[in-house]
Amino acid sequence: MSELSVDHLLGIKYLQKEDIDLIFETADHFKEVINRPIKKVPSLRDITIANLFFENSTRTKLSFELAEKRLSADVINFSASQSSVKKGETLIDTVNNILSMKVDMVVMRHPNPGAGVFLSKHVDASIINAGDGAHEHPTQALLDSYSIRERLGEVAGKKVVIVGDILHSRVALSNIFALQLQGAEVKVCGPKTLIPKYIHTLGVTVEPDLRKALEWCDVANMLRVQNERMDISYFPSTREYSQQFQLNKNLLESLDKEIVVMHPGPINRGVEITSDVADSGQAIILNQVENGVAVRMAVIYLLASKIKQ
Amino acid sequence: MNILLRSVTIIDPQGKHHGQQSDILIKNGKIHTIAGQITPEKNTRIIEKDNLHVSRGWFDSSVCFGEPGYEERETLANGIKVAGRSGFTAVAVNPNTKPVTDSSAQIAFISHKGQRTATTLHPVGALTAGGQGVDLAELYDMQQAGAVAFGDYKSPVTNPNLLKIALQYTQNFDGLVMSFPLEKSISGKGVVNEEATAIRLGLKGIPALSEELQIARDLYILEYTGGKLHIPTISTERGVTLIKEAKKKGLDVSCSVAIHHLFLSEEVLEGFDTRYKVMPPLRTDKDRKALIKGLKDGTIDMVTSDHDPRDIELKKVEFDHADYGSIGLESAFGALNTLLPLEDAIRVLGAGRRRFLKEETTLEEGAEADLTLFDPQHTYTFTKGHILSTSKNSAFLKQELKGYVFGVINGSFTEIEE
């Protein structure tokens, strides 16, 4: 396979296994590029990319922007707080206005699930979903799998547990799709109130006990509790949450094997994960951030090469 | 003017002419003669179509037209035309107008607009003042002005004591109370059914539990108060079971199902298409099959198109922001006749009339002409070209349907495709 099967990256569930292989091979190349003294290639000098962030983001936005600049694309940034969105303009109008300024690609983060899919049907540009509500966050799942592959050699056959707020998490959903597509086995662990009742329809199992989940897995992906997406209180206090679902040094050292610890960030230190674990050699949290740039370069490069055709 | 229906097959399972192929002569708004072959007098309008069938006129218990207040969605005049061409000689019009239909003057306004037309409008009055769910509206006064039932459309009665009082109060004048089956503290900010699709799409789910709890509560209250309760548009398997048990106990409860809940299940939402965003949400295929079964065995009393026009500005937005609702009059018969045997489809299309209008029509000589004309065999893909409504938000676009409606005759008034 030399090109992606899709024209947009809207979610992992729209990809095939071969797409992920191609993205990873391309990312390998870019990872080498960003470790050179001159960290830039001229590949996308004729491409303009708009980063539209209708929801707060620090690392994803920086990572995309850096990836775009390393590829020599022209970049414009837009965030909802400065925009006319608050004046009642529709999403389609906002984006079409930006596209009229001859933009080729849109990277969008949006609070509503399906916003990327909606946009791809109504505007003429390649869309990369940088997170849409509790739906998908495909580049995060790709960089997570890429980091597992880097650490453990391959993803196929690995056992991964995702711990925390599964109900409100696009990272969990995209990771489940990505890991299953590559042949990994997935369990989820967290308070029953934060795990969808029908999660089994995705082919994942629920492990209510964190220790048992950790004993089972090769990789633990610790999620943040997304207080901002909760309309009611799903557990009594963060103290009680931590008592049951915190990954700390004692727990990690009591296992009879060495597991890989991941976190998509931002970390609530002392809540879902303690500092000594987050900063330990078993954690690959900063590798995930570095790989994020290479993987996003790969995605942008591969989608841009379809535009050029 | 006289009308002659030429060589028409009569579908009237309860009547003596069922299955007969005849000519039907209508004089001065009444069925004059049903006979093998009738020679028309001068000035008779002759209606002759391929595979022409006729039944008693259909009734829809839940239709929204925007007027007054939301004329950009639909006007009463065009709504009447749409209903007529879709085969309905009578429709109950929901009170979700602006202002909400909660007084006798507003009831009279709608009633008046829907008289001397091919489709008669029967307004539903709001159960509570302003549809606010706090105090009862003037129910008796509205009934005197022509209201056929009372309900706040899709706003559930959250206060159980209010439902208790409504069911008690309406007994003095034989009023019909409607209660939308949704327990809002359970449904929360949900927008689609809670199961597989909600997870795959990252959309907030509405558990079936939210419908079941409210139905169970309402039936419990009804058992205490007596009175007449109608539960509109049930969507879950367990909802059907609850109503079946209540009917066995002898409670005076009726319910309806929206045709889109019989025809579609949650999988169609996969592309985030807001045409499928309806309330209650589309459920699973298992629910869908249970609803069809409930309709066939009589647990569900009637079908409705739950016709709810919404203009493009309210639908062509992000899924979370889009309005609920689909139009359904134009596709009602084609969809239903695709799912059910013809006689069952005709039966359930007429079944709400007794409950809401306290009357039945007949298809025999001497009776008032109240007739629907259709071709049950015609198959086609439902497209925008079939939509006569002002708003085009149909969940049935691109579906293969079987059964085409030519129009209606209602006394001296007709709405028939030329």
Side-chain angles (χ1 to χ4, degrees), chain A residues 10-14 54-55 85 88-95 108 110-123 129 131-138 166-174 176-177 188 193 195-204 226 229-234, chain B residues 183-213 236-238 265-277 281-287 310-323 397-398:
Chain A
L10 302 173
I12 300 291
K13 66 168 167 286
Y14 309 108
F54 295 92
E55 197 182 61
V85 171
E89 191 175 57
T90 69
L91 178 60
I92 297 178
D93 285 334
T94 303
V95 174
M108 182 171 76
H110 198 279
N112 297 124
V117 176
F118 170 71
L119 208 58
S120 72
K121 287 179 185 166
H122 294 110
V123 307
N129 178 7
D132 58 336
H135 180 220
E136 287 229 34
H137 190 353
I166 311 298
L167 186 65
H168 300 94
S169 175
R170 53 194 173 214
V171 176
L173 191 62
S174 284
I176 290 167
F177 290 136
V188 295
T193 47
I195 293 179
K197 180 171 161 65
Y198 295 92
I199 189 86
H200 60 270
T201 58
L202 296 180
V204 306
Q226 309 216 50
R229 287 192 203 284
M230 295 187 190
D231 41 6
I232 56 166
S233 183
Y234 289 85
Chain B
E183 166 47 70
K184 279 185 112 163
S185 59
I186 297 285
S187 62
K189 291 181 179 169
V191 289
V192 295
N193 185 42
E194 190 195 28
E195 300 189 36
T197 306
I199 301 174
R200 285 178 57 78
L201 300 182
L203 293 167
K204 281 197 190 269
I206 301 176
L209 177 67
S210 64
E211 175 172 310
E212 297 155 9
L213 264 184
T236 61
E237 183 178 21
R238 185 97 178 89
S265 47
E266 58 171 3
E267 295 79 22
V268 295
L269 285 155
E270 198 60 44
F272 293 94
D273 193 332
T274 58
R275 287 189 297 118
Y276 303 118
K277 184 176 176 183
L282 295 176
R283 303 283 187 185
T284 64
D285 202 48
K286 191 158 169 273
D287 290 306
R310 299 283 155 153
D311 48 272
I312 190 166
E313 285 78 13
L314 300 173
K315 280 291 194 178
K316 196 177 171 184
V317 291
E318 299 91 313
F319 197 90
D320 277 343
H321 296 166
D323 270 21
L397 286 171
K398 298 185 193 154

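The sequence lines fix the lettering, A, B, ..., with proteins before strands; numbering per chain opens at 1.
Note that CG of A:Leu10 is 9.5 Å distant from CZ of B:Phe272, once rounded to the nearest 0.5 Å. Taking CG of A:Leu119 as the reference point, atom CD of B:Glu318 lies at 8.5 Å (rounded to 0.5 Å).
Inter-residue side-chain proximity for B:Ile199 and A:Leu173 is flagged as met; some heavy-atom pair is nearer than 4.5 Å. With a 4.5 Å cut-off on side-chain heavy atoms, A:His168 and B:Lys204 count as touching.
Between A:Tyr14 and B:Glu270, the shortest heavy-atom contact is OH-O, 4.3 Å. Heavy atoms only, all atoms of each residue included: A:Lys121 and B:Gly271 are closest at NZ-O, 2.6 Å. Among all heavy-atom pairs drawn from B:Lys316 and A:Phe118, the shortest one is O-CZ, 3.5 Å.
Checking B:Leu201, B:Asp320, B:Val191, B:Val192 one by one against A:Pro113, the side chain to side chain contact (heavy atoms under 4.5 Å, CB included) holds for a single residue, B:Asp320.
Heavy-atom distances place no part of B:Glu313 under 4.5 Å from chain A, backbone and side chain included. At a 4.5 Å heavy-atom cutoff, the contact between A:His122 and chain B is made by side-chain atoms alone.
The neighbour count for A:Lys197 NZ, taken as heavy atoms of other residues, nucleotides or ligands under 6.0 Å away, does not exceed 12.
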